[in-house]
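The structure under discussion appears below in the form of C-alpha cells.
Just so it is clear: chains get the letters A, B, ... in the order the sequence lines come, proteins before strands, and each one is counted from 1. Quantities reported herein were computed from a predicted structural model and do not represent experimental measurements.
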Amino acid sequence: MAVLTFLLGYVGSRRANTTPDFLVARRAVPATRNAAAISGEYLSAASFLGVAGLVLKDGIDALWYPIGFTAGYLAMMLFVAAPLRRSGAYTLPDFAEARLGSTRLRKFCTFFVICIGVLYLVPQLQSAGLTLNTITGLPAWLGVVVVIAIVVVNVLGGGMRAITLVQAFQYWGKLFAIAAPTFVLFVLFLGGPGNGAQPVDSSGVLRFPENAKVTTVDDVRVRVEVAMELSATGMLNGSYTDGPVYWTPGLYEVGEQTELRFTEGSPVPVVEGSPTSNHDWLRPQTEGLSGLFETYSLIFATFLGTMGLPHILVRFYTNPDGRAARRTALHVLYLLGLFYLFPTVLGVISRQYLPQLLVTGKTDAAVLLLPSTMQPNLLGQVLGAIVAAGAFAAFLSTSSGLVVSVAGVVSTDILPGKVRDFRWATVVTGVVGVLLALVLPGADASLTVAMSFALAASTFCPLLLLGIWWRGLTWVGAMSGLVVGGGLVIGSQVVTVASSYTGHWASPVFSQPALVTVPVAFLTMIMISKLTARRRPEDVSRILLRLHAPDPLGFMRDRDVQRFDTEDEKSRQEDGVRRDDSPSPPLH
Amino acid sequence: MTRHSGPPGQPDQPQPGERDAWLSVSARKNRRRRVVLADPRGRGRVLRTIIELEEQTSVGEKLIRDLIRQQLRTGLLLGGGTLLFLASMPVAFYLLPGLSDVQLVGVRLPWLLLGLLPFPLCYGVGYVYRGMAERHEQDFVNSVDR
C-alpha cells in the first residue's frame, strides 16, 4: 500500500513537473495531437471508472453512456466544429456575443458555463477522493484536496497551453492504464478454472462465493429478492442492530458505516433500481416503458450535450482553421471508440468477482478493486497500480480543463481579465470545487456527469445549432431558450434531490429530463426569435458567411484581434494566451 | 499588437497579403500552402468575388446560402441516419425480447450491437462526412474562382 501511494504521488508530481517542459517544447497543435488532448480531457472519471461501474450495476443498458459520449462527437463534428472554429470566438459567451451582439446574453452564457463547469468538476473530485480511499484507506477529502492542489498549481504555473500537451500525453497514459489490465484480466478470466466466479442459481440470482463482510459508506436502499439470513452491526431500517437478522424479500434501508456479514452462498442484495438477477442484467430494456424513456433521454442528453460542454469547445480553438477542427473531431471519434471497449469488458468481468459493490452501491470502485481481487499477488498489485495511475490521470486532465475554462470565463466576464485576475479565478474555482465536492452527496460519477450533459444539451446546444445554421435567431430568443431549458433541467434536478430525501417519489422524468427539456428549449428559442424578428443582428449574413466560407477564402477572423485591439487592453492580450488556449503561438 | 495588426480603418476589406496577418503563424503556414496550390491566374477575380461575397450582393448571398444549405443537408442526413439507427435499437429490444437470446460467437447479440458496433459506425459516418464537407467547400472555392 505504501508503495502504491508513493507511485501515485510520483505519477502526479511527475506530470506537474513536466508541464513547463511541454510548454516551451511545442508551438503549434496538429490535428492528431489536439485530438489526443481532447480525448484526454474528455475521458473523465465518469468514463474511466464510472462506465465499468454502471455496467457492473445496470448491465447492458449502461452501454448507452459510452455510445452517447462517442456519438456526441459525431454530432459536434457534423454541425459545430468547423463553423465554431471559424467564428474566431474564444469562449462560449464570446461566441454568443459575436453572433448575436448582446452583452446581456453574454452574461447569461457566463452563468451557465460556470454551472456546467462546476457540475462536471464536483464528480471528478469526489471520484478522486473515492479512489484514494479505496486504494490506500486515507480519508476521501484528502484525495479531493490533492487533486485540486495539483491542478491549481499546474494551471497557475503553465496555463492552458501547457495543459493541452499534458492532456494529449495523458490520453495515451489512460488508454494503456485501462487496456493492459483488461487484456491480462480477460485472459485470466477465460483461462482460470472457475477462478472464484460467482455461482448463479437457476433463477439467476447472484450469490456470494464465500463468507463476505461488507461495510457501507453512505446510506443505501437495497432490494432483497430471496429470503436470507445475515448478521449486521449498525443502522438497519432506522434502528440500531447488532447480531443476526432475517431478511424477507423487499426493500431495506442500511445506514452509513454499517457492517453486514454474509455467509457463503447467500444471495446478493442489490441497491435499489438495479436489476436483481443476471437474467435482467444481461438483457436490454427490461424495465418497461419508463426504462425506455430513460434510455432515450440519455441518448438525447449525451448526443447533444457534448457540443455544449464549454471545456471541450474551448479546445477546438487550438486548431489552425475550420478544416483542421473537423479533422480533429474525426480523430477523436476513433480515439474514444478505442478506449470505450475496455471499461465495458472490465464491467462484465467485475460482475463475477465483486458482488459486495452491489450492496454498497459504490460501483465506481470496481475497476480499481478488480485486479487485486482476481489476483491477490504481485501481478494484481502491479495492475492495480497501473489502473490507479490511469484514474488519477483522468481526474487531473479533466479537472484541469474544467478549472481553466471556468476560470477563464470568470476572469474575462466577471473580473477585469488581467493575469492576476485569472490566477485569483483559478484559486477561487478550485476552492469552490473542493467545498462543493465535500458538501454534496456523492452520486455515481456517470450520473452527475449525465446531468451536466443534460444541462449543456438544453442550453448551449440549441444556441450553437440555431446560431450557426439559422439566420432568424435573435438574442431575446436565445436568452429565453437558455432560461427555459436551463431552468427546467435545474428544476428537475432539485425535484430529484428533494425526492431522494423524502421517499423517492419522483418519476425518472426528473432524473433524466433531456428528452423533454431539449425540444422545449429549441421551440422556445425559435418561437421567441420569430416574435422578435426585428431584433435580428443587421450583419447576420456577414457573420454566417464567416462561419461557413471555406478556409482558403480567408474570412476567418479571430476575435482577440478585435477585443484586444485598443491601447489599454493590450495587457489583456498577454494573458489571453494563457486563458483561452489561443491558437496563436505563445507571445512570451 | 504587431503580429495581429490588421488594417485598423477597414477591418472588413481584407487584402490578400494583409488577410494573413490576422492569423497565427501556424494558420498562416497552412494557408500559404493552400494559396500556393490555388490557381494564380484567377487571383484578381477571386478577390473581386470575395469582396462581392463580403458585401452580400445578391450573387454572393445566393452562393453562400446554397453552401450553408448543402452542408446542413449533409449533416442532417448523416447525423439523422445514425441517430435513427441507434435509436431504433432500444425499441427493437423492447418489442422483440427474443433478440436478446441470439448468440454470436459466444456473445449475446445486444452486447455486440451496443458494445462494439456504434464506435466504428460513428467513425465511418464521420469519415464520410469529412469527405463530403470538404468536397462541398472545394466546389464553392472553385465556383468563386471561375
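Side-chain contact between A:R323 and B:R130 is absent, with no heavy-atom pair separated by less than 4.5 Å. Side chains of B:Q70 and A:H548 form no contact here, defined as non-hydrogen atoms less than 4.5 Å apart. Contact check for A:I299 versus B:L83: side-chain heavy atoms found under the 4.5 Å cut-off. Taking 4.5 Å as the limit, some side-chain heavy atom of B:Y129 sits within range of a side-chain heavy atom of A:R326. Side chains of A:F303 and B:L86 form a contact here, defined as non-hydrogen atoms less than 4.5 Å apart. B:L72 places a side-chain heavy atom less than 4.5 Å from the side chain of A:F79. Put simply, the side chain of A:P550 reaches to within 4.5 Å of the side chain of B:L67, judged on heavy atoms.
Within the 4.5 angstrom heavy-atom criterion, no atom of A:V332 approaches chain B. The contact between A:L74 and chain B is made entirely by side chain atoms (from C-beta outward), counting heavy-atom distances below 4.5 Å. Contact of A:Y296 with chain B is made through the side chain alone, with heavy-atom distances under 4.5 Å. Of the two parts of A:A71, the backbone and the side chain both hold a non-hydrogen atom closer than 4.5 Å to a non-hydrogen atom of chain B. B:T82 touches chain A through its side chain: at least one heavy atom from C-beta onward sits under 4.5 Å away, while N, CA, C and O do not. Using a 4.5 Å cut-off between heavy atoms, A:V55 contacts chain B through its side chain alone, with no backbone atom that close.
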Side-chain donor-acceptor pairs of residues 113-121 of chain B under 3.5 Å, sequence neighbours excluded:
none

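Across every non-hydrogen atom of A:L330 and B:G126, the tightest pair is CD1-C, 3.4 Å. Contact record, B:P90 with A:T295: CG-CG2, 3.9 Å, taken as the closest heavy-atom pair.
For the options A:I67, A:T70, A:L547, A:L336, heavy-atom pairs under 4.5 Å to chain B are most numerous at A:I67. Counting heavy-atom pairs under 4.5 Å between each of A:T344, A:I468, A:L341, A:V345 and chain B puts A:L341 at the top.
Taking OH from B:Y123 and CE from A:M77, the interatomic distance works out to 8.5 Å, rounded to the nearest 0.5 Å. Between the CH2 atom in B:W111 and the CD1 atom in A:I60 there is a gap of 5.5 Å [rounded to 0.5 Å]. Atoms CD1 and CG, from B:I68 and A:L545 in turn, are 7.5 Å apart once rounded to the nearest 0.5 Å. The distance from the CE atom of B:M89 to the CH2 atom of A:W64 is 4.5 Å, given to the nearest 0.5 Å.
Around atom CZ of A:F186, no more than 12 heavy atoms belonging to other residues, nucleotides or ligands sit under 6.0 Å away.
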